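Note sheet for the following structure.
Atom set for the values below is all heavy atoms of this structure, side chains included, hydrogens, waters and symmetry mates excluded. Worth saying up front: this structure is predicted, and the values here are computed from it rather than measured.
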Amino acid sequence: MATIEVTIRSFDVINAALPEDMRLDRIMGKPLVVELEQDARVVDIFTKLPWLANPIEDTVIVFINGEAATINSKMQSGDVLDIMTPSGGG
């Protein structure tokens with residue numbers, strides 16, 4: 001099956017949940033790029049990276065390429081996904 005690559009920009013407490021090596025990469029400005037199946041939805045990010053957040057239990061705000069999205073929104077290769085919690089801002 002074909003795959004897509006999506007860049008994740010996470011903010012606030014979500015960054016704090018990153019594994020140490022990824023947190024250092026983020027501090028150094030390296031983007032977090034994830035490979036997913038072609039028909040992936042935002043919720044699939046949380047399945048692939050469970051430490052990121054739990055959108056069922058946690059309230060998250062999601063944007064794809066700067067536009068409001070939901071956890072059920074489909075993604076395309078090259079999309080930039082912003083993930084925030086309501087209190088954290090961006």
Measure the spacing between [atom1] of [X] and [atom2] of [Y] and express it to the nearest 0.5 Å.
X   : Y   : atom1 : atom2 : result
T3  : Q38 : OG1   : CD    : 8.5 Å
Q76 : N65 : CD    : CG    : 8.5 Å
D79 : L36 : CG    : CG    : 10.5 Å
I8  : M75 : CD1   : CE    : 7.5 Å

Kindly indicate whether the side chain of [X], heavy atoms from C-beta on, has any atom under 4.5 Å from the side chain of [Y].
X   : Y   : result
V34 : I45 : yes
D82 : V62 : no
E35 : I4  : no

Problem - Step-by-step side chain to side chain contact (heavy atoms under 4.5 Å, CB included) determination, V42 to L81 - result: CA-CA 8 Å; V42 171; L81 183 67; 4.0 Å; yes
Exercise for the section: Using the side chain to side chain contact (heavy atoms under 4.5 Å, CB included) rule, take V80 and R9 through it: C-alpha gap first, then chi angles, then the decisive distance, then the call. Expected result: CA-CA 7 Å; V80 176; R9 294 191 303 194; 3.5 Å; yes
Exercise for the section: Given side-chain hydrogen bond (donor to acceptor under 3.5 Å, both in side chains), test E5 with S77 step by step and report yes or no. Expected result: CA-CA 5 Å; E5 286 190 350; S77 196; 6.0 Å; no
Exercise for the section: Determine the minimum heavy-atom distance between N72 and R41, stating which atoms define it. Expected result: OD1-NH1, 2.7 Å
Problem - CA sep, side-chain torsions, deciding dist, call: F63, M84, side chain to side chain contact (heavy atoms under 4.5 Å, CB included) - result: CA-CA 9 Å; F63 292 87; M84 299 174 259; 3.4 Å; yes
Exercise for the section: Taking K48 for its side chain and V43 for its backbone only, find out whether a donor-acceptor pair lies under 3.5 Å. Expected result: no
